[in-house]
Amino acid sequence: MATQRALILFAHGARAASWAAPFERLRDLTQAREPEVRVSLAFLELMSPRLPQLVAALVADGVLDITVVPVFLGQGGHVLRDLPVMLDDLRVAYPQAALKVVEAAGENAAVLQALSDYCVASLVHPSPH
C-alpha cells in the first residue's frame with residue numbers, strides 16, 4: 001500500500017471565524033478533486049490547527065508525504081521567514097516525513113492569470129454593491 005499523502009493549505013488566520021470560509025471552500029474543492037489525499041487547512045496564527053500541530057497529527061497517523069501550499073497572495077515575511085523556520089523545526093522533529101513546500105499561491109503564474117481574468121471580467125460584469 002502506498003504511503004498516504006497529505007496536502008496542507010497554509011493560511012495566515014484571523015480573529016473572525018468568517019475569514020476562514022473561502023479557505024474552507026478551497027480545501028473542500030481540492031479534497032473533492034483528490035480523494036486519495038488528505039487535504040487540510042493549517043494556520044500561522046489566531047486559528048487552529050497551527051501547522052506544527054497538524055503535521056504532528058498527520059505523522060502520528062502514519063502520513064509521511066506532506067506538501068504545504070502557502071495560500072498567501074504574496075511572499076511576505078510570513079512565507080519567506082516564518083514558514084521556513086517552522087519547516088526546519090518540523091523536519092528535525094519528524095525526520096521520517098517528507099515535507100515539501102511550494103511557492104505562495106499568489107506567486108504562481110496560473111493563479112495570477114485567474115485573478116487577472118476575474119479583475120478584467122469585473123469591467124464587463126460588475127458585481128452589485
Side-chain angles (χ1 to χ4, degrees):
M1 181 176 156
T3 304
Q4 189 168 11
R5 295 187 301 156
L7 186 61
I8 298 175
L9 309 181
F10 179 63
H12 187 278
R15 286 180 180 82
S18 60
W19 175 90
F23 297 94
E24 292 164 353
R25 289 194 299 274
L26 178 61
R27 177 202 54 212
D28 295 347
L29 286 166
T30 306
Q31 185 65 76
R33 294 178 65 180
E34 291 291 338
E36 301 301 313
V37 176
R38 286 170 89 173
V39 181
S40 306
L41 277 173
F43 302 96
L44 176 68
E45 57 190 15
L46 304 171
M47 296 184 132
S48 293
R50 304 282 281 279
L51 184 63
Q53 288 73 31
L54 180 57
V55 170
L58 288 168
V59 172
D61 277 354
V63 180
L64 302 179
D65 182 348
I66 301 170
T67 300
V68 178
V69 179
V71 282
F72 286 72
L73 198 51
Q75 298 251 103
H78 292 311
V79 174
L80 293 174
R81 289 190 299 274
D82 302 336
L83 182 56
V85 169
M86 266 189 268
L87 287 168
D88 287 346
D89 291 346
L90 289 166
R91 287 182 178 117
V92 169
Y94 308 104
Q96 71 275 36
L99 281 165
K100 180 178 77 167
V101 63
V102 298
E103 67 189 344
E107 299 290 323
N108 180 273
V111 172
L112 288 174
Q113 185 63 50
L115 287 169
S116 175
D117 291 348
Y118 172 74
C119 294
V120 169
S122 73
L123 295 170
V124 180
H125 306 289
S127 49
H129 299 6

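Excluded from the calculations below are hydrogen atoms, water molecules and symmetry mates; all remaining heavy atoms, backbone and side chain alike, are included.
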Legend entry - CD1 on I66 to CD on Q4, rounded to 0.5 Å: 10.5 Å
Legend entry - 4.5 Å side-chain heavy-atom contact, T30 and V37: no
Inset, instruction - Fit a plane to each ring of F72 and H12, take the angle between them on a 0 to 90° scale, and name the class: parallel (under 30°), tilted (30 to 60°) or perpendicular (over 60°). - result: perpendicular
Inset, instruction - Indicate yes or no: at least one non-hydrogen side-chain atom of R33 is less than 4.5 angstrom from one of V39. - result: no
Legend entry - Heavy-atom neighbours of Q96 CD exceed 12 at 6.0 Å: yes
Legend entry - Heavy-atom side-chain contact between L64 and V59 under 4.5 Å: yes
Inset, instruction - Enter the distance from D88:CG to L99:CG here, rounded to the nearest 0.5 Å. - result: 10.0 Å
Legend entry - Same apolar cluster (I L V M F W Y, side chains within < 4.5 Å links), W19/L46: no
Legend entry - Flag side-chain contact, heavy atom, 4.5 Å: P70 against L83: yes
Inset, instruction - Could I get the full list of side chain to side chain donor-acceptor pair (under 3.5 Å) partners for D61, not counting sequence neighbours? - result: R38
Inset, instruction - Could you tell me the separation between the CG atom of D28 and the CG atom of L41, rounded to the nearest 0.5 Å? - result: 8.5 Å
Legend entry - Evaluation steps, side-chain contact (heavy atoms from CB on, under 4.5 Å), between V55 and V68: CA-CA 10 Å; V55 170; V68 178; 5.6 Å; no
Legend entry - Point-to-point distance, once rounded to the nearest 0.5 Å, from CG of L87 to NZ of K100: 12.5 Å
Legend entry - Closest approach of A11 to V71 (non-hydrogen atoms, all atoms of both residues): CB-CG2, 3.8 Å
Inset, instruction - Working to the nearest 0.5 Å, report the span between CD of E36 and CD of Q31. - result: 9.5 Å
Legend entry - Non-hydrogen side-chain atoms of V102 and N108 separated by less than 4.5 Å: no
Legend entry - Nearest-0.5 Å distance that lies between atom CG in L26 and atom CG in L9: 5.0 Å
Inset, instruction - Sort and list the pairs that fulfil ring-ring contact (aromatic ring centres under 6.0 Å, His included) and have at least one residue in residues 29-69, not counting sequence neighbours. - result: none
Legend entry - 4.5 Å side-chain heavy-atom contact, M47 and F23: no
